[in-house]
Structures are given as structure tokens and as C-alpha cells.
Trainee: 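Mind having a look at this structure? Questions to follow.
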Amino acid sequence: MLSFRYVRRTKIYLYPLPLFYLYSTATPATRPTSSYLSSYPFLPTPSSSSSSVSRSLPDFDKDVVLSFKEWFLSRKNPLFESIFEILRTQDGPAADAALCRFNLRLTESLVHDVLSYGQSRKDVLSCLKFFDWAGGKGGFYHTRSTFHAIFRILSKVELLSLMMEFVQTYSDKKFIHQVRFYDVLVIGYAVAGRPDTALHVFGKMRFSGVDLDPFAYHVLLNSLVEDRHFEVADMIADQIRSRGLMDEITHSIILKSFCKQNNLDRAEEYLRGLMEDYGNGKVGLNGVLVGNLVDALCKDKQFERAGKLVKEVKNLGTVPLEHAYGVWIRNLVKVGNLDGALELLRSKRELDGYAPDIYRYNSLVCRLLRHNRLVDVWDLLMEMKDQEIFPDEVTLNATVCFFCKAGMVDAAIELYNLSAEFGLSMNSMAYNYLIQTLFGDLSIDEAYCVLKNSIEQGYFPGKRTFSIIANILCREMKLDKMMELVIAALDRNLMPHDSIYDKFISALCRYQRVEDGYLVLQQLSKLNKISGKGTYFSLISGFCKAGRADIAATLLMEMQAKGHQPNRKLYRAVVCHLCKMDDAEKKYFRLLEHQLSRYKPTRDIYNYFIDGAGHAKKPYLAKQVYQMMECSEIEPDLTSDTLLLQSYLKSDKIADALNLFDDLSKKRVIGRKLWHAMIVGLCKANKPDLALEKIREMRAGQLKPSIECYEELVKSLCDNMQYDIAIKIIDDLQQIGRPISSFIGNILLLHSLKSRELHHTWRTLATLENVTPEILKLSKLIHSFIVSMQGEEDVENVEELIRQCFPLDLYTYNMLLRRLSITRVNYACKYLKRLHEKGYEPNRWSYDIVIHGFLKTGQVQEARRLMEEMHKKGFDLNEPSRLPYTW
């Protein structure tokens, strides 16, 4: 398997986050634009108040990364690293021999240190192996304290069964009996959160006349308090007191019991009694005892009372209060009083020399990060480094997140690549920040490597991060990467937002990968996930285009079963493509039968199939369905008649169309809609003479043809170079009170470029009598369009003439560009840029026309420059411009 662990970057400075603007010395030209940033809503927004401290953060520097690398490496103990390397890679006699070569002087302290080191690396198995090895060495016997340490390691990873197996396995070992087996059992059950079982073992001990030692008594007492068995805890405390075993630890646990019962007044009274005895030298006090009450008071939001209490204890002089300070800071952080926590930390450090432990620093750093207080985070990280506090996994992950938020993504990547060398692993938060930052910077391949590694390490992005990644991968068409991500998500039964899978399937279909899209849909169905209507539309359309209408038909039926209703356009696509397959008739009627059996037969269903057959140019199938509808006692409506008529016209069955039209006219009065379908259909079938005849019949019946009828007839007449008749039709259009449309005007301009015959026809007509003013305007326009466009003033005049005849649209401007590119292509290029001023966005044809003009005149460099601009807008050249020229 390829390793995705290490990510290399080629860029030195990357500014993916808006916050970096506040701290960067880069020029404005190097920073992302606001429109770019708005594409990534997950990126944090800079606060206006941050600018006052903008110089407190560093720019990216290799020395910064090196200093952090040295800091994280400082936590490694070469001896302990070697020990755990042996424990991880060797077993049995080989491991024993290798460990013996270190000549370790085994002590309780050393065993504690080694176990703590292994726990920090979450290497539980190696800790167990070392514990076993140490206990088997002559001259060293495990103590209750070392047993307590291994039990705590096992309890933290919730391996109770392993802990019990561990105790039973070693019950006959000699080192167990050195520390009294029952004591070990009580400690083990107590640490594992099983105080009831621990009490049962304790009872058996007392029945046998054996008692616990002080250490085991206190572990049991603490377990009972933690599990809120307060009455039993009081009994055990009485046992400790009666045996004269009371000490600071006992007092601390008793005070914790009062706090857990929320009896804070009694807890304070108890502490003050201890403070009085401490002053008289009768009892000892420790910071844990004070910290328990401070913690309870802070959780009850009595911070001022806690502060007053700490101050009184401090006045006693010699009680260490580091733990109490740490608890106080932790609670301030929890309630969001970050300024108070920072102020307390700084004041106690300056006055009392207080140095927080790594846990206090980590909690404060993480919360400050959440509030984007990056300068404070940087100060704390520097403080931790200066004080040589050993960083842990939380520190590393917080530092990576900090670098991401500060825009120092190269530093974050460096630490990420070195994390294995540090013996630390990344958590989900750091992975999410790093992945989001890289994707926001559009470093997609690098981001995906990090993502792959996070999945291999067991971290899968959350729904929000997954949505961000999926949107970018789909938009950038990284479909193979997206497919891997989706399969990984489905394998884990993870279901991000519904729109993610829909977008992905739609993207696959757009790029002719409908089989992959279908595979994803099937996997979603297995998870009882109902895909959106748009997903089915994309898949069905994709399979139709791929010539697999049989699968499209299956998906259509599945879509209906899921509660989605297809529209007429989707029905048309499926039915039309079914008709083009082998054995088309059988498949066509099978789908129809399914629709009629699943739903109550309606006119709409029949109409959908008539429409689809008509578009497939299978009028005989349309006719059969039309007849089936009549036989089922569903009267065909105007839509049914129109669709059947259009099916004949699309298939050039002109005689059948005319016969149907005549039959329908005998049954009832024909409305404008059917006339319209007949005339437009005849024009599209290139039968302008028959269409002209129908328009005359329609006019004779006192009906006004639609503007589309005139448009299609003018187009058909011009295509057949019957310009004189086209002019008469335009005149007739104006006589019924309809203006000349942009479509008709553009057709005239197009044909004036294609043939001089139109120009001659208009000039001849202009000399005749009884010519309307509108026709004269059109004649003047065509003359100017063909002859007069020699300068900027001429173009403005032609535009004005067009405006007097019909409304201009983008197609009209493209005609002007085409006319200019024939003789004045350089001016055509300038005119192209002016379209924005006129309120139009040039399209693919606009660019293509001018590029074609440059190529014809040999201006290849100008054509190349314009083509690059065209590509940036997402357009590609049309075939006529691409093929004749070598780039």
C-alpha cells in the first residue's frame, strides 16, 4: 500500500485564511480576493479588534518550525524509546535478553516512569509486557503503587476484562504474594470502577481476619466517593479513623465527598477546621485537598468565594497551592472567562512563581483557539517552550490548528509530517483543520493525502468537513478521489448531508460515469437511504445518453417507488431512448403496462408515451397508444391530439399529419394551439408552402397566428431563399399588429451575410409603391449592415437602425461581431470588450467569431490571447474554428 504519510509542498507562502491578512506583510496583490474567500464559509472571519495586535504573530520562518521540532523532540527519552521499541517488536526470550542488556536498576520510581511514558504513547500492550518482565526479575517486587499504576492504565482505556484476566493470570506469580493478593484485588476492582466487587473482596478479607493496608484503604475510599456511595464511604472512613490511618489523603477524600454531595458549607467548615489544626501543627494540608473545594465552588460559579479561600490558605505560608490554581484556571476556562484565566495565570506566576502543568496550558490554548485569539495562543506556546514544559499529543494538535488558523500552513504540514517522529498522533480536530485549510488553498492533492492518512489512522472527517471536501472535489472534478471518499464513508455507515451524495452522483453523470453513479446509488439503497429526486434525474438522463434506456426505465420505476414523481421531460427522455433500442416495441409497451398497472390509468400517462414516441420518430407507436387511450374510455384531449400531430410531423409523415388535422377539424372547432403545432411542424419539416397555406386558412378563419408561427415560417422561407415571400409574411405580421421580433430580425441579418440575394430583394422592394415605413426601415438596415460598416460611427448608426426595427439581444451583437470580423477584426475585438458596457456577457459564439477572424487574417498571437481569456470563462472553441488551424 502506498504511504500517504508525508506531504511535500512546493510553495513557501500560502494564505488560505482571512486571519492571515492581519499578520502578513505580503502585498495586497498576493492575497486572495474576497470573492475567493466567500467560496469557503468554513474559514474563520477576522475580527476588527485583532488588528491592534497584528505584529505579535510571526511570519512563516523555517527557524520557527525548527524550534517547535526541537521542543517536541525534547519529550523523547532515548532509553525509554529503546525499551518500548523492544517491547513492540520482540517477544519471549529475545525481548528478555534485549531488555537485560540495559542493566536497569529496577525501582518503584523507574517502573512508574516507564509505565507513564508508555501511557503517554497509548501503548498499553507494551506497558503490560514491561510490568510482567519487571515483576519477574530477581531483586524487585511490585508494590501496591505499581499495581495501582498498571490498573489505572487499563482503566483509562476501559479494558476491565483485560484487567481481570491480568490479575487472574498472575495470581500464582511470586511477586503477587509479596504485596498481598487481596490488597491487589481490592485496588484493581476499585480502580476499574467496581467498588461493589472490591467491597465483596474486602468482606472476605475481614472474615478471614485479614485487613487492608493504608494505601488500599484509601484507593477503596476514593472509589466509593467517585461512585457516589457516600454512606458506605463514611463507614470505610470510620474504619480508617479507628485504625489511626488518617492522613492528608483521607482528609482530601472526605472533603471531596462533601463537595460531590454539594454540601459546600460543610466542606468549607471541614477545611477551616483542618486549617486551624494545621496552624497548631496537628495535621498536614496539601494542594489537592484545597483544590477539591476550589473546584466545587467554581463549578457552583462561586469564583470570588474560591479566591478568598485560596488567599486564606496561602496566608498559612507553606501549603503548596499549584493544584488549586490549576483547578481555578480550568474552571475559568470552562465558563469561557478566558481573560480571567489568563490574568490569574500571569499574576500567580509573577507573585508565587506558579508554573501550570501541561494540562492547564492545553485546556487554555484549545479554548483560545476556539475563539480565534491567536496572539494569546502564540504567547502561551512560547511560554511553554521557554519553561521547557514537555508537550504532549494535545499540545501538538493545538499547535497544528494554530498554524492553520494563522495561515502558516507550511509550518502545520511540517509538524504533521514529523508527528510520527515525535511519537505522537494527530486527532480529529487537527486533521479537520489541516484538511480544510489545504482544500481552502486548493492544494487538493496534498489535502487528499492528509485525508487518506487520517482515514487510515481511524479518523473520518465530520459531516461539516466531509461536505466541504465533497463540494470542492466535485467542483474540481476530482471524481476518482471523491469515489474513494464516498466508498470509505459508506463502509463506515456514515451519512453526511443528503445533498453531498446527490452532487457527487450528478457530477459522475455529467462526466459520463453513470455506472459509477449507479453503484453509489445501490450502496445508498442498501443503507435504506432515499436519494433525492435530482439524483434520479441525473442518473436517468445519463443512462439515456449512454444508450442504456433499459436501466433508465428501471431507475424511473425505482424513483417512483421512492416517492419521487418524474416530469414530462424525463418521461420523454426514457421513452424516446427506449424506442431507439433493439426490441424497442416490446420494451416500450412493457414500461407502459407497468405505469398503467402501478397507477390508475390517466390521460397524462398516455400523453407521456405519445410524446416520447413522437420524439423518437415512431409515430406508429404513438398512434397505438392514442388508440389504447380511446379503447380505455379516456377521451383524448387537445394535448393528446397535438402530440400525435407532432409525432407525424417530426417523422415527415406529412400526409398523415394533414389527414389527422382534417379529421380533427371535422369533429370539433380547431383552436389556436393545434393550428400553431401544425404550422410550426410544417416549417420545421421544411414545408414552407404548406405552412403558408395553413396560415392563410387560419387568417381566413379570423384567427391570429402566434409570433412563433411567423418566426418559423420566415426562417423556413429564408432557408429556401424565398426572400420575396418572407418579406410579405413580415408585412402581414405587422398588419395584424405584431412587432418584428428579435428572432426574425436576426434571421434577416444572418441571411444577408450568407447571400447577396436578400439584399437585392430588399432593394428592389424599396423601389415599389405602397411599401410600408417598417419595410423601408428594414431595407435601409440591411443595406447599412452589408455596405456601410466601416468605422465606429457606422456601427453606432447600424445599432440605432436595428433598435428602430426590433430589440437587440446577444445574438444580434454576435451578428454585428461576425460582420465586423470579416473586414475589421481588430475593431471587432474592441467591440467584443464593449459588450459588457452594453449589459451583455459574451458567450462562446462571441469569442469564437472574433478568434475565427484573427485566424483568417493570420493574427495567431491575438487569437491565442483571446482563446486563453475564453478558457478562463469556461468556454471552448467550436469545431469550425478549431479544425482548420494548427496551434
Side-chain angles (χ1 to χ4, degrees), residues 567-580 584-585 588-589 592 595 601-717 719-720 729:
N567 58 18
R568 176 177 175 177
K569 184 178 180 181
L570 197 65
Y571 264 116
R572 176 192 296 167
V574 174
V575 173
C576 180
H577 285 84
L578 269 181
C579 292
K580 296 177 181 179
E585 188 169 343
Y588 175 85
F589 283 108
L592 175 59
Q595 297 297 297
T602 63
R603 191 178 287 110
D604 286 341
I605 293 177
Y606 287 111
N607 287 343
Y608 291 149
F609 280 80
I610 295 171
D611 182 36
H615 277 80
K617 298 185 178 180
K618 303 284 186 180
Y620 65 93
L621 292 178
K623 179 62 176 177
Q624 289 183 57
V625 175
Y626 188 88
Q627 292 172 340
M628 286 173 62
M629 180 165 47
E630 291 178 318
C631 293
S632 62
E633 298 182 355
I634 296 177
E635 184 69 24
D637 61 359
L638 176 60
T639 301
S640 309
D641 297 337
T642 303
L643 292 172
L644 182 59
L645 178 65
Q646 289 174 334
S647 73
Y648 286 133
L649 293 169
K650 285 182 175 69
S651 304
D652 289 332
K653 302 290 185 180
I654 307 302
D656 291 336
L658 293 171
N659 290 334
L660 175 63
F661 191 81
D662 290 342
D663 290 341
L664 293 173
S665 63
K666 293 174 184 177
K667 293 180 182 179
R668 56 179 175 271
V669 176
I670 300 296
R672 292 180 72 252
K673 185 175 180 180
L674 206 60
W675 279 105
H676 172 91
M678 187 67 186
I679 294 168
V680 171
L682 288 170
C683 292
K684 291 184 176 180
N686 199 26
K687 302 294 181 181
D689 296 335
L690 291 174
L692 184 60
E693 182 181 328
K694 290 299 177 184
I695 276 192
R696 288 169 179 160
E697 292 179 15
M698 190 178 182
R699 289 293 308 278
Q702 303 301 312
L703 292 175
K704 290 184 179 180
S706 67
I707 187 65
E708 188 180 357
C709 290
Y710 282 102
E711 288 175 345
E712 292 296 335
L713 183 55
V714 169
K715 180 179 181 300
S716 182
L717 289 167
D719 288 342
N720 287 276
I729 291 298

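Only a predicted model underlies this, so the values are computations on that prediction, with no experimental measurement involved.
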Trainee: Working to the nearest 0.5 Å, report the span between CG of Leu644 and CG of Leu660.
Mentor: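 It is 5.0 Å, given to the nearest 0.5 Å.
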Trainee: Any side-chain to backbone donor/acceptor pair from Asp611 onto Asn607? Under 3.5 Å, distance only.
Mentor: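 Absent.
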Trainee: Supply the atom-to-atom distance Ile679 CD1 to Lys684 NZ, rounded to the nearest 0.5 angstrom.
Mentor: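 Answer rounded to 0.5 Å: 13.5 Å.
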Trainee: Quick one: salt bridge (Lys or Arg N to Asp or Glu O under 4.0 Å) partners of Lys694, sequence neighbours excluded?
Mentor: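 Counting only residues at least two positions away or on another chain, Lys694 forms a salt bridge (Lys or Arg N to Asp or Glu O under 4.0 Å) with Glu697.
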Trainee: With a 4.5 Å cut-off on side-chain heavy atoms, are Thr639 and Lys673 touching?
Mentor: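 Yes, close enough: below the 4.5 Å cut-off.
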Trainee: Which heavy atom of Ser640 sits nearest to which heavy atom of Met629, and what is that distance?
Mentor: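 Reported closest heavy-atom pair: OG-CE, 3.5 Å.
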Trainee: Does Arg603 reach the main-chain N or O of Pro636 with its side chain, forming a donor-acceptor pair under 3.5 Å?
Mentor: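 Checking the backbone N and O of Pro636 against the side chain of Arg603, no donor-acceptor pair under 3.5 Å is found.
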Trainee: Is the shortest side-chain heavy-atom distance between Phe609 and Gln624 below 4.5 Å?
Mentor: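 With C-beta onward as the side chain, the pair stays apart.
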Trainee: Please examine the side chains of Tyr710 and Ile729, heavy atoms only from C-beta on, and report whether any two atoms are closer than 4.5 Å.
Mentor: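 Side chain of Ile729 against side chain of Tyr710, heavy atoms only: contact under 4.5 Å found.
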Trainee: Does any part of the side chain of Leu713, heavy atoms only, come nearer than 4.5 Å to the side chain of Pro688, both counted from C-beta?
Mentor: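 Side chain of Pro688 against side chain of Leu713, heavy atoms only: contact under 4.5 Å found.
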Trainee: Kindly say whether the aromatic ring centers of Tyr626 and Tyr606 come within a distance under 6.0 Å.
Mentor: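 For Tyr626 and Tyr606, the ring centres are not under 6.0 Å apart.
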Trainee: Rounded to the nearest 0.5 Å, how far does NE2 of His676 lie from SG of Cys709?
Mentor: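 It is 5.0 Å, given to the nearest 0.5 Å.
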Trainee: How close do Ala584 and Cys579 get, counting heavy atoms only, and between which atoms?
Mentor: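 That closest heavy-atom pairing would be CB-O, 3.2 Å.
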Trainee: Looking at every heavy atom in both Pro705 and Arg672, which two are closest together, and how far apart are they?
Mentor: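 Taking Pro705 first and Arg672 second, the nearest heavy atoms are C-NH2, 4.1 Å.
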Trainee: Enter the distance from Leu645:CG to Leu643:CG here, rounded to the nearest 0.5 Å.
Mentor: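 The distance works out to 9.5 Å.
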Trainee: Short question: side chain of Arg699, backbone of Lys704 - any donor-acceptor pair under 3.5 Å?
Mentor: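 Between the backbone of Lys704 and the side chain of Arg699 there is no qualifying donor-acceptor contact (under 3.5 Å).
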Trainee: Just wondering, do Ser632 and Pro601 contact through their side chains at under 4.5 Å, heavy atoms?
Mentor: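 Side chain of Pro601 against side chain of Ser632, heavy atoms only: no contact under 4.5 Å found.
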Trainee: For the CE atom of Met628 and the CD1 atom of Ile634, what is their distance to the nearest 0.5 Å?
Mentor: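 Output value for this atom pair is 10.0 Å.
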Trainee: Decide yes or no on side-chain contact (heavy atoms from CB on, under 4.5 Å) for Ile605 and Leu592, but give the supporting numbers first.
Mentor: CA-CA 8 Å; Ile605 293 177; Leu592 175 59; 4.1 Å; yes
Trainee: Does the pair Phe589 and Leu621 meet the rule for a side-chain contact (heavy atoms from CB on, under 4.5 Å), with working shown?
Mentor: CA-CA 9 Å; Phe589 283 108; Leu621 292 178; 3.7 Å; yes
Trainee: Using salt bridge (Lys or Arg N to Asp or Glu O under 4.0 Å) as the criterion, list what pairs up with Asp719, not counting sequence neighbours.
Mentor: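 With neighbours one apart ignored, the set is Lys715.
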Trainee: State whether the side chain of Ser716 and the backbone N or O of Glu712 hold a donor-acceptor pair below 3.5 Å, judged by distance alone.
Mentor: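 No, the answer is negative, given that no donor and acceptor are paired below the 3.5 Å cut-off.
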Trainee: Testing the basics here: between Leu664 and Leu674, what is the closest heavy-atom pair and its distance to 0.1 Å?
Mentor: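 Closest approach of Leu664 to Leu674: CD1-CD2, 3.7 Å.
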Trainee: Assess the residue pair Ile670 and Met698 against the criterion (side-chain contact (heavy atoms from CB on, under 4.5 Å)); give the C-alpha distance rounded to whole Å, side-chain angles, the decisive distance to 0.1 Å, and a yes or no.
Mentor: CA-CA 10 Å; Ile670 300 296; Met698 190 178 182; over 6 Å; no
Trainee: Specify the closest pair of heavy atoms between Lys650 and Gly614, including all atoms of both residues, with the distance to one decimal.
Mentor: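 Looks like CD-O, 3.6 Å.
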Trainee: Look up atom CD in Glu693 and atom NZ in Lys687, then write down how far apart they are to the nearest 0.5 Å.
Mentor: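 One gets 13.0 Å once the value is rounded to the nearest 0.5 Å.
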Trainee: For the side chain of His577 and the backbone of Ala573, is there at least one donor-acceptor N/O pair under 3.5 Å apart?
Mentor: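 Judged by distance alone, yes, a pair lies under 3.5 Å.
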Trainee: Parallel, tilted or perpendicular, judged at 30° and 60°: which one describes the rings of Phe661 and Trp675?
Mentor: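 The rings of Phe661 and Trp675 stand perpendicular, inter-plane angle above 60°.
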Trainee: For the residue pair Tyr608 and Arg568, establish whether any side-chain heavy-atom pair is separated by less than 4.5 Å.
Mentor: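 Result yes, sub-4.5 Å side-chain heavy-atom pair found.
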Trainee: Return the minimal non-hydrogen interatomic distance between Gly681 and Leu649, and the atom names on each side.
Mentor: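 Closest approach of Gly681 to Leu649: CA-CD1, 3.6 Å.
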Trainee: Ser665 vs Asp662, test: side-chain hydrogen bond (donor to acceptor under 3.5 Å, both in side chains). Steps then yes/no.
Mentor: CA-CA 5 Å; Ser665 63; Asp662 290 342; 4.6 Å; no
Trainee: Starting from the C-alpha separation in whole Å, work towards a yes-or-no answer on side-chain contact (heavy atoms from CB on, under 4.5 Å) for Tyr588 and Val625.
Mentor: CA-CA 10 Å; Tyr588 175 85; Val625 175; 3.2 Å; yes
